[in-house]
Every structure is written in structure tokens, then in C-alpha cells.
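Note on naming: letters A, B, ... go to the chains in the order of the sequence lines (proteins, then strands), and numbering restarts at 1 for each one.
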Amino acid sequence: MPSDIELIEQFSNGDHDAFELLIVRYEAKIYSTCYYFLKNKEDAEDVAQEVIIKLYRKLHTYRKEAAFSTWLNYISANACRDYLRKKKRNQVYYLDEDIQTKDGHLNREIASEDRLPDEVTEQKELQDLLQVALFTLSDEHRQILLMREYQTLSYEEIAEILELSIGTVKSRIYRARQDLKAYLSQSEHMQEYLRQNNN
Amino acid sequence: MDCKQCIEWIDLAIDEELDVQEERFLQHLSICPECKKEYEDTKYILQTIRMLPDMEVPDGLRNRWKSAIQEERNSRKISPWWRKRGMHIFMGLAAAAILFLMNPLAMLNRSDDVAFRDAPVMDSAVMEEAVQEPEDALLKEGVVKPEDDQTMGIMAAEPSDPLMEACDSAFGLASFENDIDITYCLNVTQQEALESFLKDQQLAYSLITDLDNKTTTLSFVMTPSQYEALSEWLIQQGSLLMAEDRAMEASDLIEVQILLVEE
């Protein structure tokens with residue numbers, strides 16, 4: 001199987017199938033990232049498509065010093081940030097955003113599509129719980145936590161994307177983590193997972 | 001060290017940002033079960049975020065992006081590696097031609113517009129040809145050499161390598177604003193001239209300087225007719241066209257950013 005770099009080189013030599021192969025490899029990651037950022041599947045689909053078109057247009061600017069996945073994270077985060085900014089300006093609200101209860105009930109959309117009761121593992125439940133917790137945070141805190149923890153972007157990269165100083169990025173990450181922990185501290189399920197982890 | 005200090009350092013420790021304090025931090029954890037639990041819990045929660053699963057890709061997304069990419073390919077008919085100065089002229093012609101074809105009256109009504117008042121009168125058939133078959137049209141005019149078809153040819157001198165490199169680097173680091181339709185790159189020494197030109201055109205612009213990357217970005221919105229004038233001015237200044245991100249006919253207003261770089 002060709003590596004990402006090999007596919008990018010093939011694309012730069014005019015092989016468009018190589019670009020499609022590269023995207024097929026990453027489309028689930030791109031879509032998931034957009035969904036976690038935007039909390040809405042339709043928006044995630046639209047922005048995922050935007051990200052892919054951006055990649056097509058800007059792949060020639062990719063520098064191979066960093067892994068392609070890192071660069072992809074950077075572009076996805078940028079696109080989601082732009083979308084959230086626009087949404088904030090236009091005040092678009094979606095019904096499926098009002099989903100949370102205090103102890104981690106998933107929204108119906110996620111529950112019906114992503115959970116198969118007979119096959120649910122502890123790991124999956126834990127991930128669902130975290131997803132709900134993330135969705136309770138403000139857009140500002142959710143996106144910075146996703147950039148840092150899910151996309152593993154550096155402070156510098158986050159500062160550049162959000163156009164903030166490094167100090168502001170650090171303090172915002174700190175506050176976002178505190179918010180997340182405060183929410184999870186109310187979840188009996190979460191406390192049980194943490195007890196298991198500590199034993 | 002007290003627990004309050006330790007709790008404050010947990011985030012730094014997780015991000016491996018503790019320096020000389022690390023020893024004291026670890027020492028405290030070894031004797032304080034509460035702080036140790038807080039540290040382990042935080043680490044566990046954050047690690048779980050890292051392991052959030054990939055979602056199932058919705059039916060139809062793959063077809064959507066494949067169609068979108070196909071449209072991109074069709075609209076370009078050239079390599080995405082188009083950074084030559086010659087593209088300015090093609091873009092300028094295409095923008096004017098499309099505007100005219102879409103609404104000839106709109107252009108006639110702009111007779112008081114500086115950009116169009118001074119623009120050469122073009123036969124609509126020639127403009128149409130320029131839009132539909134840009135490469136052929138330019139070839140007929142002897143502007144593009146056949147062997148240059150990969151990059152639409154060179155109408156001005158080849159850009160100097162330092163500028164090209166600086167622009168490429170800045171472009172790679174530039175913020176990817178969704179709304180930007182066109183990105184140019186220019187030497188920073190021409191910033192004053194550019195700002196003066198934009199003021200003459202009565203264009204409001206934003207100016208963002210990135211000290212780390214030694215890049216200044218000018219962003220503004222303009223009409224197609226203003227774009228025509230800008231395009232011509234930029235050719236004269238020897239700028240590079242880095243990317244055109246949206247088909248011109250889709251927009252009444254064009255959002256432009258210009259990266260100013262040090263060679």
C-alpha cells in the first residue's frame with residue numbers, strides 16, 4: 001500500500017486517482033473531526049467536503065517535514081473554526097444541539113445510529129460519555145480541547161489557527177479542561193470508570 | 001509544595017511543560033493520594049478524548065466530494081501548481097468576460113468606473129473564446145508557447161526564486177479563510193504602494209502581521225471591476241498569483257488576500 005507521501009507525489013505528477021486514494025484513507029477522520037467540532041451531522045458533511053476541496057487546492061503547499069495527518073488536522077481545525085465563527089455571526093441554531101442531561105444521556109441522533117445495545121463495550125460507553133461531555137461545553141472550549149487533545153495540535157499551531165497568544169491558548173485550554181472535569185464529576189458512570197482506572 | 005500548587009501544575013505536567021518544577025511535582029504526588037488521583041483522572045479523561053472513534057461516513061459524502069473535485073478539475077483544465085504571473089492576465093480577461101456575458105448592461109452602466117473606462121474595448125466573441133478556451137485563445141495570440149501548457153505560460157519574466165520560495169512558504173502557513181477567493185503574494189517592500197492603490201480604489205482592508213513567519217496579510221472585498229484594476233496593477237508590480245479558490249461567475253463580490261513576504 002502506498003504511503004501518504006507517495007500518494008501526494010503521484011498526485012503532484014498529475015495522477016488524480018492518487019488524490020482520491022489519499023482522501024478515501026482519511027475521509028472518516030475528516031468527517032469525524034468536523035462532527036466533533038460542529039455537533040451537527042449536516043454541517044459536518046458540508047465542512048468535510050470543504051476541507052477535501054481545500055486539500056485538493058492546497059496540497060502543493062504541504063511541506064513534508066510534518067506528517068500529512070498533522071497538516072490535515074490543521075486544515076480541518078481551520079475550516080471548523082471558520083464555520084463556527086460564521087455560525088456565531090449568523091446565529092444559526094440546530095435542534096439537535098440541545099441534547100444534554102446531567103448524567104450523560106446521548107442525543108437521540110447519536111444513540112440511534114452509533115450505539116448497538118448488545119455490542120456496547122465499556123470503552124464505547126466511555127467514549128460516548130466523553131462525547132456528550134464535550135458537547136456540553138461552549139464552542140470556544142470544545143474547539144480548543146479538540147485541537148489540543150483529539151487533534152494533538154501544539155500550542156503554537158492552536159495559537160495560529162485561533163489568532164491568539166500562546167498564553168491565552170494555555171489559559172483557555174486550562175479553563176476548558178476544568179469545565180469538562182466539572183461536568184464529568186457529576187456523572188456516576190464517569191466516577192466509576194475513574195475508580196476502575198485507579199485500581 | 002501544597003496541594004493547591006500541585007493541582008495548578010497538573011495541566012502543565014500533562015502537557016510536559018513542567019521544567020525544573022517537575023521533581024517537586026512528582027515528589028508531592030508520591031505522598032499525596034488526592035493529588036495523585038486528580039492527576040491520574042485528568043490524564044485518563046484527556047486520553048479518552050484522544051481515542052474518540054471515527055464516525056461512520058454518511059452515504060453520499062464520497063460521491064459529493066468526488067463530484068466537487070471533478071468540478072474543480074473541469075474548471076481549471078490546468079495543473080493546480082499554477083503560480084506564474086501569466087495567470088493574472090487570464091484571470092482578468094475571464095473575470096471581465098464572465099461579467100459581460102452574464103450581464104452586459106452591468107458593465108455598460110459602469111462607464112464611470114475607472115477600471116472599465118480605461119479598459120480596452122473587447123469584442124464579446126473574443127472574450128467568450130477566452131473564457132471557453134483560454135489556453136487556445138492565448139496560444140492564438142502568441143502569448144503562450146505550446147510547451148508551456150502546464151502552467152499557462154509566462155507572460156512576464158520568471159519570478160525570482162527567493163520570492164517564489166518566500167511566497168510558497170507563506171502560503172503554506174497562511175490562515176485558510178473559507179471566504180477567500182483569490183490569494184496573491186507580493187514583496188513586503190511594496191506594501192506602501194499596495195495600500196496606496198487600495199485607498200485610491202476606496203477599498204477598506206484589514207492588515208494582519210504574523211511576526212513569526214514574517215508575513216503580512218492584507219484582506220479585502222471587491223467588485224469584479226475593481227478586481228480587474230487590481231489584477232493589472234499587480235502584474236505591473238510583479239506579484240505572484242498563488243491560488244484562485246472559487247469560480248468567478250459565482251460571486252458578486254470577490255474576497256482577496258495578499259500575502260506580503262520578505263524575499
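- Between Glu192(A) and Arg195(A) there is a salt bridge, since at least one side-chain N of the basic residue sits less than 4.0 Å from a carboxylate O of the acidic one.
- In summary, the side chains of Glu17(B) and Tyr155(A) do not present any donor paired with an acceptor at a separation below 3.5 Å, with no hydrogens or angles considered.
- Using a 4.5 Å cut-off between heavy atoms, Tyr174(A) contacts chain B through both its backbone and its side chain.
- Contacts between Leu134(A) and chain B at a heavy-atom distance below 4.5 Å involve the side chain alone, from C-beta outward.
- The candidate with the highest count of non-hydrogen atom pairs below 4.5 Å against chain B, out of Leu194(A), Leu130(A), Leu145(A), is Leu194(A).
- A tilted orientation is assigned to the rings of Tyr56(A) and His16(A), their planes being inclined by 30° to 60°.
- Taking the charged nitrogens against the carboxylate oxygens, Arg177(A) and Asp15(B) do have a contact shorter than 4.0 Å, which makes a salt bridge.
- Of the two parts of Gln178(A), only the side chain, counted from C-beta on, holds a non-hydrogen atom closer than 4.5 Å to a non-hydrogen atom of chain B.
- Neither the backbone nor the side chain of Gln47(B) has a heavy atom closer than 4.5 Å to any heavy atom of chain A.
- No donor-acceptor pair under 3.5 Å is formed between the side chain of Asp15(A) and the backbone N or O of Phe11(A).
- Of all the listed residues (Ile45(B), Leu12(B), Leu46(B), Val57(B)), the one sharing the greatest number of non-hydrogen pairs under 4.5 Å with chain A is Leu46(B).
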